[in-house]
There are 2 protein chains.
Amino acid sequence: MDIKIVDVAAKAGVSPATVSRVLNNNNNVTSKTKDRVMKVIHELGYQPNAAAKNLRSQKTMAIGVIVPEINNSYYAEVIKGIENQAYAMKYKVIICDTSNNKEKELEFINLLMNKTVDCMILVTPMMSDEEICHWADMDYSIGIVGRYIHHDKVPCVHTDNVKFSKEVVNHLVEQGHREIAFLSGYADAIDSYERLEGYLKGLREHHIPFRPEWIENGNFNKQGGYEALKRLIEKKVSFTAIYAANDEMALGVYQACGELGIKIPEQLAVIGVDNNRISRYITPQLSTVNQPKMKMGGAIVERLIHQLENGEVTDNRVIILESQLIVRDSSRSLPQT
Amino acid sequence: MDIKIVDVAAKAGVSPATVSRVLNNNNNVTSKTKDRVMKVIHELGYQPNAAAKNLRSQKTMAIGVIVPEINNSYYAEVIKGIENQAYAMKYKVIICDTSNNKEKELEFINLLMNKTVDCMILVTPMMSDEEICHWADMDYSIGIVGRYIHHDKVPCVHTDNVKFSKEVVNHLVEQGHREIAFLSGYADAIDSYERLEGYLKGLREHHIPFRPEWIENGNFNKQGGYEALKRLIEKKVSFTAIYAANDEMALGVYQACGELGIKIPEQLAVIGVDNNRISRYITPQLSTVNQPKMKMGGAIVERLIHQLENGEVTDNRVIILESQLIVRDSSRSLPQT
DNA sequence: TTGAAAGCGCTAACAG
DNA sequence: CTGTTAGCGCTTTCAA
């Protein structure tokens, strides 16, 4: 079959151990024998068997990544950040797409946590805090993106949803709006909850009495946003601006407004979250909040691998990255500059 | 440390071999002992060590996927198709993002081809046919998406670039255009070449004399399309329509036209390829060619795994999937319906 | 139907 | 500085 370490050793006239040392940059080898071994390795085109190496060294140099939807641009960007950083740190990346299915999420974590990978990154996981803590307690190395978990060993990277949501409300109020509706995402997603919280706090800061009819759920997707806006209209509740908890739902709002003949931003100001690439191309350009997606992916890899290799948990377990409000035409009341 | 097969065997009062048989659905086990073993497995929460299993069985149940850019929506869709089909066939997916870097591509293939994965899928690889054939000759299981390779053992899935490119030209001619420029992608990408070929054949079918000034390279990205259009204008060559070999370049054309005050489609008809999600949202909506991206990903996995598990090469090694021309406002001369 | 034993290819401890 | 030896945890003959 394939050529193995003993073959190299034999041809180079050394022991397998020496070949192993050469391959793993162990210093205790004469540069002379090292050269000889390297020469044979190249001659034979020897490639160490990863399975054997993994078994023996109890390491795989692989990171498992579980994402809700790989073809969603938000997650694709996070993954890109993970890939880049993993590559820089010499790790491979196994990606599992759950299609927003919690069963699959659990299945994948079980599938990988048997020495298939050294650690895992859960991107906005669907499972509960308790479940995640359960895995962490079993000494599985887990990192989280887009959510905060209260567990000493679990590094988390996320953005300050409350903070930027207040900024969104602030911006809308500055544009003259007092009646602002809110479209939330999945009811159980932490992002939904925190953005709602920021929205409410924003209203309060401006002494705008909150009205529950202003809130509708749009499940973070376009269809949901579309339906939510229609429900809002049917309720005959008055509002002049809408804060959608992500750009996808804002897209649905655009569609509904198109059908209903509602002009954006003249009759309804719209703002989303994510800075999805489409937001810049749609007319009118959609105001949004930029999330440092690639940075988030990179940061969690860095932290997780560091923790894995150095054993100890770093003090900066939780990383909160900054988001920026991007004001475009969809929420500008004045003629654009 | 972790609990292993001997622990299960001991507690169940059987040999490790029996536990292994139970786990691998080997029939030669009494249902009674099987039940007992299963019970212990659950009690102990036993998870077979993947590294040991891989080493012993010479299988990993993993597919390596090498893509140029994971956050590009085209590739993200292909990957989604791969993920879904791999999941259905119980395979894991290791994704490597080359960032359009050929060095990285070679590095990754070397990295994974050592029993880290059972087979690999190269999505529009940058390496030459010779290089790919070289790997295939070494008995590495390789599948290709988006390109045709002349090698018995290498399954390929792609679309008929020549065919749909002729349709594109045909459509533009029907709209009254006779002067059609072409924006190609990377010079060495097979897609570029074939789309150019289809464009030329399309012109010929309509007896339109081809002019070399009509062709510019835009490297498949937005900036490239932007610059290519500007060069085209500077050359003072006359053209009323432009066929961009992908939507990204068409986006660059839009930008350049915006700056130059060229109206689409009145002064310039534009059509792209890929049916990127943005194409539907931009104004005017971009005509394009839809590629069955997810289907392509699924098809290659199916074929590759089949070949891997059944040993023999299937006769339908090359799969050519259909693309559809999607006509939108950017290439319609008449007022839209 | 089950068990004993060998070994997948590598690394690391211990000698020398 | 280098070699010998013993496993990593599993599957798979071969015997019983």
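Side chains are part of it too, since the values below use all heavy atoms of this structure and drop only hydrogens, waters and symmetry mates. Here is how names work: the chains are called A, B, and so on, in the same order as the sequence lines, proteins then strands, and each is numbered from 1.
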**Student:** Return no unless some side-chain N or O of Thr18(B) is found under 4.0 Å from OP1 or OP2 of dG3(C).
**Tutor:** yes
**Student:** Between atom CZ in Arg56(A) and atom P in dG9(C), what is the gap in whole Å?
**Tutor:** 16 Å
**Student:** Whole angstrom is fine here: how far is it from NZ in Lys53(A) over to C1' in dC8(C)?
**Tutor:** 17 Å
**Student:** How many whole angstroms separate atom NZ of Lys59(B) from atom C1' of dT12(D)?
**Tutor:** 17 Å
**Student:** Is the backbone N or O of Met61(B) less than 3.5 Å from a side-chain atom of Asp118(B), with the two atoms forming a donor-acceptor pair by type?
**Tutor:** yes
**Student:** With sequence neighbours left out, what residues match Thr98(B) under side chain to side chain contact (heavy atoms under 4.5 Å, CB included)?
**Tutor:** Ile66(B), Pro68(B), Lys104(B), Glu105(B), Phe108(B)
**Student:** Specify the separation, in whole Å, of atom CG of Asp2(B) and atom C1' of dG9(D).
**Tutor:** 11 Å
**Student:** I want to verify a distance call: between dG9(C), dT11(D), dC10(C), whose nearest atom is closest to the Ile5(B) side chain?
**Tutor:** dT11(D)
**Student:** Is a donor on one side and an acceptor on the other found under 3.5 Å between the side chain of Gln85(A) and the backbone of Val301(A)?
**Tutor:** no
**Student:** Testing the 3.5 Å rule here: is there a donor-acceptor pair between the side chains of Tyr75(B) and Thr124(B)?
**Tutor:** yes
**Student:** Does a side-chain N or O of Asn28(B) approach OP1 or OP2 of dT2(C) to a distance below 4.0 Å, or not?
**Tutor:** no
**Student:** Take the protein atom NZ of Lys115(A) and the nucleotide atom C1' of dC10(D), then report the distance between them rounded to whole Å.
**Tutor:** 14 Å
**Student:** Does Val29(B) or Ser57(B) map to a spot on DNA chain C nearer the 5' end, using the closest nucleotide for each?
**Tutor:** Val29(B)
**Student:** Got a donor-acceptor contact below 3.5 angstrom from the Asp7(A) side chain to the Ile3(A) backbone?
**Tutor:** no
**Student:** Check the distance between dC8(D)'s P and Asn49(A)'s CG and give it to me in whole angstrom.
**Tutor:** 18 Å
**Student:** With sequence neighbours excluded, tell me which residues meet side-chain hydrogen bond (donor to acceptor under 3.5 Å, both in side chains) with Asp129(B).
**Tutor:** Arg147(B)
**Student:** Which residues satisfy the side-chain hydrogen bond (donor to acceptor under 3.5 Å, both in side chains) test with Glu103(B), sequence neighbours excluded?
**Tutor:** none
**Student:** Does a side chain donor of either Thr60(A) or Asn54(A) reach within less than 3.5 Å of an acceptor in the other side chain?
**Tutor:** no
**Student:** By side-chain hydrogen bond (donor to acceptor under 3.5 Å, both in side chains), which residues pair with His151(B), not counting sequence neighbours?
**Tutor:** Asp137(B)
**Student:** Which residues in residues 7-15 of chain A have a heavy atom closer than 4.0 Å to any atom of DNA chain C?
**Tutor:** none
**Student:** Using salt bridge (charged side-chain N to carboxylate O under 4.0 Å, His left out) as the criterion, list what pairs up with Glu107(A), not counting sequence neighbours.
**Tutor:** none
**Student:** Does dG9(C) have its OP1 or OP2 closer than 4.0 Å to a side-chain nitrogen or oxygen of Gln58(B)?
**Tutor:** yes
**Student:** Quick one: side-chain hydrogen bond (donor to acceptor under 3.5 Å, both in side chains) partners of Thr33(B), sequence neighbours excluded?
**Tutor:** none
**Student:** Heavy atom of residues 32-47 of chain A under 4.0 Å from DNA chain C: which residues?
**Tutor:** Tyr46(A)
**Student:** Check this one for me: any side-chain N or O of Asn24(B) less than 4.0 Å away from OP1 or OP2 of dT11(D)?
**Tutor:** yes
**Student:** Output all residues satisfying side chain to side chain contact (heavy atoms under 4.5 Å, CB included) with Asn110(A), sequence neighbours left out; order by chain, then residue number.
**Tutor:** Trp135(A), Gln47(B)
**Student:** Looking at dT2(C), I'd like to know if its phosphate oxygens (OP1 or OP2) sit under 4.0 Å from a side-chain N or O belonging to Thr30(B).
**Tutor:** yes
**Student:** Would you please name every residue forming a salt bridge (charged side-chain N to carboxylate O under 4.0 Å, His left out) with Glu69(A), sequence neighbours left out?
**Tutor:** Lys80(B)
**Student:** Under 4.0 Å between a Lys/Arg side-chain N and an Asp/Glu carboxylate O for Lys295(A) and Glu77(A)?
**Tutor:** no
**Student:** So how far off straight is the helix from dT1(C)-dA16(D) to dG16(C)-dC1(D), going by the axes through five pairs at either end, to 10°?
**Tutor:** 30°
**Student:** Below 3.5 Å between N/O atoms, which protein atoms pair up with nucleotides 13-16 of chain D? Just atom names and distances, please.
**Tutor:**
none

